[in-house]
Novice: 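I'd like to ask some things about the structure below.
Chain letters run A, B, ... following the sequence lines, proteins first, then strands; residues in each count from 1.
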There are 2 protein chains.
Amino acid sequence: MKSATLLSFTEENYLKAIYSLTQKHGSPETSTSHIAEQLSTKPSTVTDMLRKLADKKLIAYEKYRKIELTKSGKQLAILVIRKHRLWEVFLHEKLQFGWDEVHEIAEQLEHIQSEELITRLERFLGFPKFDPHGDPIPSANGELHAGQRITLSDVQINKSCEVVGVNDSSAVFLKYLQQVDIGIGTKIKVLEKISFDGSMAISLPRKVSISVSKKFADNLMVIL
Amino acid sequence: MKSATLLSFTEENYLKAIYSLTQKHGSPETSTSHIAEQLSTKPSTVTDMLRKLADKKLIAYEKYRKIELTKSGKQLAILVIRKHRLWEVFLHEKLQFGWDEVHEIAEQLEHIQSEELITRLERFLGFPKFDPHGDPIPSANGELHAGQRITLSDVQINKSCEVVGVNDSSAVFLKYLQQVDIGIGTKIKVLEKISFDGSMAISLPRKVSISVSKKFADNLMVIL
DNA sequence: CATAATTATTAGGCTCGTCTAAAAATATAT
DNA sequence: ATATATTTTTAGACGAGCCTAATAATTATG
């Protein structure tokens, strides 16, 4: 279960980048130049690292051909993401950092080496399922039970749901959310849907109901 | 107040090592070989780094001569120690790590770069004054108000005190402390001192009084 | 005080992660 | 399908940190 070879800060970042890219683009493969862009580095640098990761059996790689994480490479990438997201929860929930501030610091914290630390941190935080951006937190064995994340738009009339994140993490959107007091964990009930423009009326805890646009509802992720 | 040049992980460790050595040995100067030993590295490696730190005006250094932290070098060293100790409190108080387990992880956490993080962490922890080993936590402006740390041996008969740390952090000693339920914050009242062997009788909260040896009392740090 | 022992510095080399410039392979377009 | 454009890899170099072996400076000793 525990990997013999400890990875460097940099190696972990490459695995994470490759994992993110494959997630984002659907395909389990990605390219040298995409990785370079993701990590703000040069393609030649990436090639060097790819050979190294291939030697360590963390990626399947043939030059000029495909780049794909192996099972163990994927596992390690997910563990880094797990650490990142748990730290984000800590920063947001316990230290009151804003949604937009947590990422940068978590980029550093995710590389701290100690399984026990993460086990205890997770318990301390009450086994959260999502980070402050609503992305799911993988379990210790690397499972990413995505649950049923849907947009607010998909919620039926008279159903209630719970906010788990956003699609659009622009400052304006986040600011508006803050203004109407919607955050991770907020319970929302859908009262009405206007088919004309897709806007909807929703009720919030201890608030009169408010009306939100389709664009708004499309960008708010919830679970039922 | 904020230093223009960000220091590397390694540079921070050198500053911290130099600071610790000057504290431990009284004198504000130290030597290449002592630093090498402290950091488990070779003297030649240290020489290289000393030149680099001197270039950055963090130490005063003339080859074959003295090694001393400059004002800004000392300031930075203290800030690293501040971060280290605050993280130790977090690990012990919030995540229930043992006294002996916190150091290694804090060695990593102390290098996370974010002033705001430490400011918020300190507040979250309730502005602790001592780490789990009883060492004082420097304030944000680098002041190390040592308070009045004395050993239990120094406490007069019928006076009460509060445990803030240990001198001897060996596993046996810590285990014994755990056994008799003494930890940071424990209130102790001195009942009797036996001049014959320096042992003393003390009372603990919700416990019959116990007798402890001079060696024990010499290694327990308290404040009145 | 001159020599021996200790300590510090230099010289040269290694790995890691990065770069630029040039070459090779693949993909695209006419 | 051949020429062109793009992408990827190689070649060679660099800084940071580290090493060993050799040299220089300082300190201790007879």
Side-chain angles (χ1 to χ4, degrees), chain A residues 3 5-18 21-22 25 27 29-69 73 76-77 80 107-108 110-111 113, chain B residues 3-18 21-22 25 27-69 73 76-77 80 107-108 110-111 113:
Chain A
S3 47
T5 325
L6 282 195
L7 298 183
S8 74
F9 191 104
T10 312
E11 290 168 325
E12 287 192 344
N13 280 336
Y14 273 85
L15 291 182
K16 194 172 54 128
I18 296 169
L21 289 169
T22 59
H25 294 63
S27 156
E29 300 173 21
T30 187
S31 75
T32 303
S33 46
H34 282 137
I35 298 169
E37 191 184 13
Q38 177 90 355
L39 295 172
S40 303
T41 183
K42 302 293 168 187
S44 56
T45 308
V46 174
T47 302
D48 286 346
M49 182 58 85
L50 292 180
R51 197 176 294 110
K52 197 170 153 193
L53 293 175
D55 286 349
K56 294 191 178 186
K57 311 275 188 232
L58 298 172
I59 60 173
Y61 168 62
E62 300 162 39
K63 62 185 191 174
Y64 292 110
R65 285 293 190 296
K66 67 177 196 298
I67 300 166
E68 193 176 346
L69 289 171
L76 287 169
V80 176
E107 282 290 302
Q108 298 180 62
E110 72 188 7
H111 300 293
Q113 306 278 183
Chain B
S3 47
T5 326
L6 282 195
L7 297 183
S8 73
F9 191 104
T10 312
E11 288 168 326
E12 287 192 345
N13 279 335
Y14 272 85
L15 290 182
K16 193 171 55 129
I18 296 168
L21 288 169
T22 60
H25 295 59
S27 155
E29 301 173 20
T30 187
S31 74
T32 303
S33 47
H34 282 137
I35 298 169
E37 191 185 13
Q38 177 90 356
L39 294 173
S40 302
T41 183
K42 302 292 167 188
S44 56
T45 307
V46 174
T47 302
D48 287 347
M49 183 58 84
L50 291 180
R51 199 176 293 111
K52 196 169 152 193
L53 293 174
D55 286 349
K56 295 192 177 184
K57 311 274 188 233
L58 298 172
I59 60 172
Y61 168 63
E62 301 161 37
K63 62 184 191 174
Y64 292 110
R65 284 293 190 298
K66 67 177 194 298
I67 300 166
E68 194 175 346
L69 289 171
L76 287 169
V80 176
E107 283 290 301
Q108 298 180 62
E110 72 189 6
H111 300 293
Q113 305 278 183

Novice: May I have the step-by-step check of side-chain contact (heavy atoms from CB on, under 4.5 Å) for B:L58 and B:L7, ending in yes or no?
Specialist: CA-CA 11 Å; B:L58 298 172; B:L7 297 183; 3.8 Å; yes
Novice: Grab the CG-P distance between A:D55 and C:dC16 for me, whole Å please.
Specialist: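 In whole Å, C:dC16 P and A:D55 CG are 11 Å from each other.
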Novice: Indicate every side-chain donor-acceptor pair of residues 8-17 of chain B with a distance under 3.5 Å to a residue at least two apart or in another chain.
Specialist:
{"from": "B:S8", "atom 1": "OG", "to": "B:T10", "atom 2": "N", "distance (Å)": "3.4"}
{"from": "B:S8", "atom 1": "OG", "to": "B:E11", "atom 2": "N", "distance (Å)": "3.1"}
{"from": "B:S8", "atom 1": "OG", "to": "B:E11", "atom 2": "OE1", "distance (Å)": "3.4"}
{"from": "B:E11", "atom 1": "OE1", "to": "B:S8", "atom 2": "N", "distance (Å)": "2.7"}
{"from": "B:E11", "atom 1": "OE1", "to": "B:K56", "atom 2": "NZ", "distance (Å)": "3.4"}
{"from": "B:E11", "atom 1": "OE2", "to": "B:K56", "atom 2": "NZ", "distance (Å)": "2.7"}
{"from": "B:E12", "atom 1": "OE1", "to": "B:H111", "atom 2": "ND1", "distance (Å)": "2.7"}
{"from": "B:N13", "atom 1": "OD1", "to": "B:H111", "atom 2": "NE2", "distance (Å)": "3.0"}
{"from": "B:K16", "atom 1": "NZ", "to": "B:E107", "atom 2": "OE1", "distance (Å)": "3.3"}
{"from": "B:K16", "atom 1": "NZ", "to": "B:E107", "atom 2": "OE2", "distance (Å)": "2.9"}
{"from": "B:K16", "atom 1": "NZ", "to": "B:E110", "atom 2": "OE1", "distance (Å)": "3.3"}
{"from": "B:K16", "atom 1": "NZ", "to": "B:E110", "atom 2": "OE2", "distance (Å)": "2.9"}

Novice: Reckon A:S44 touches a base, only the sugar-phosphate, or nothing at all at heavy-atom distances under 4.0 Å?
Specialist: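 If one applies the 4.0 Å heavy-atom cut-off, A:S44 turns out to touch a base.
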Novice: Expressed as a whole number of angstroms, how long is the span from A:E29:CD to D:dT8:P?
Specialist: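 Going from CD in A:E29 over to P in D:dT8 covers 12 Å.
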Novice: When you measure from the side-chain N and O atoms of A:T45 to the phosphate of C:dC19, is any distance below 4.0 Å, counting only OP1 and OP2?
Specialist: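 Answer is yes, contact under 4.0 Å.
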Novice: Whole-Å distance between D:dT8 P and A:L50 CG?
Specialist: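 In whole Å, D:dT8 P lies 10 Å from A:L50 CG.
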Novice: Taking salt bridge (Lys or Arg N to Asp or Glu O under 4.0 Å) as the definition, give me every residue that meets it alongside B:K66, ordered by chain and number, with sequence neighbours left out.
Specialist: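 Expected list: B:E62.
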Novice: For nucleotides 4-8 of chain C, give me every protein contact, N/O to N/O, under 3.5 Å, one pair per line with atom names.
Specialist:
{"from": "C:dA8", "atom 1": "OP1", "to": "B:T32", "atom 2": "N", "distance (Å)": "3.4"}
{"from": "C:dA8", "atom 1": "OP2", "to": "B:S33", "atom 2": "N", "distance (Å)": "2.9"}
{"from": "C:dA8", "atom 1": "OP2", "to": "B:S33", "atom 2": "OG", "distance (Å)": "2.7"}

Novice: Between atom CG in A:D48 and atom P in C:dT15, what is the gap in whole Å?
Specialist: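 Atom-to-atom, A:D48 to C:dT15, this comes out as 14 Å.
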Novice: Rounded to the Å, how far apart are A:I35 CD1 and D:dT9 P?
Specialist: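 From A:I35 CD1 to D:dT9 P: 9 Å.
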Novice: Roughly how many Å is it from OH in B:Y14 to C1' in D:dA16, rounded to a whole number?
Specialist: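 To the nearest whole Å, that distance equals 11 Å.
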Novice: Show me the side-chain donor-acceptor pairs of residues 30-49 of chain B shorter than 3.5 Å, one per line, residues at least two apart or across chains.
Specialist:
{"from": "B:S31", "atom 1": "OG", "to": "B:S33", "atom 2": "OG", "distance (Å)": "3.4"}
{"from": "B:S31", "atom 1": "OG", "to": "B:H34", "atom 2": "N", "distance (Å)": "3.2"}
{"from": "B:S31", "atom 1": "OG", "to": "B:H34", "atom 2": "ND1", "distance (Å)": "3.0"}
{"from": "B:T47", "atom 1": "OG1", "to": "B:P43", "atom 2": "O", "distance (Å)": "3.2"}

Novice: Looking at CZ of A:R65 and CD of A:E29, how far apart are the two atoms once the value is rounded to the nearest 0.5 Å?
Specialist: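 It comes to 11.0 Å.
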Novice: Give the rounded distance in Å between these two atoms: CG of B:L7 and P of D:dA16.
Specialist: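 Rounded to the whole Å, the gap is 13 Å.
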Novice: Give the rounded distance in Å between these two atoms: NZ of A:K66 and P of C:dA27.
Specialist: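 After rounding, the reported distance stands at 14 Å.
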Novice: Are any of A:T41's side-chain N or O atoms less than 4.0 Å away from OP1 or OP2 of C:dC19?
Specialist: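 Yes, A:T41 has a side-chain N/O under 4.0 Å of OP1/OP2 on C:dC19.
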Novice: Scan for ring pair (Phe, Tyr, Trp, His ring centres under 6.0 Å) pairs involving residues 38-63 of chain A, sequence neighbours excluded, and state none if there are none.
Specialist: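 The answer is none; no pair qualifies.
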Novice: Can you tell me how far the CG atom of B:L53 sits from the CD1 atom of B:I59, to the nearest 0.5 Å?
Specialist: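 It is 5.0 Å, given to the nearest 0.5 Å.
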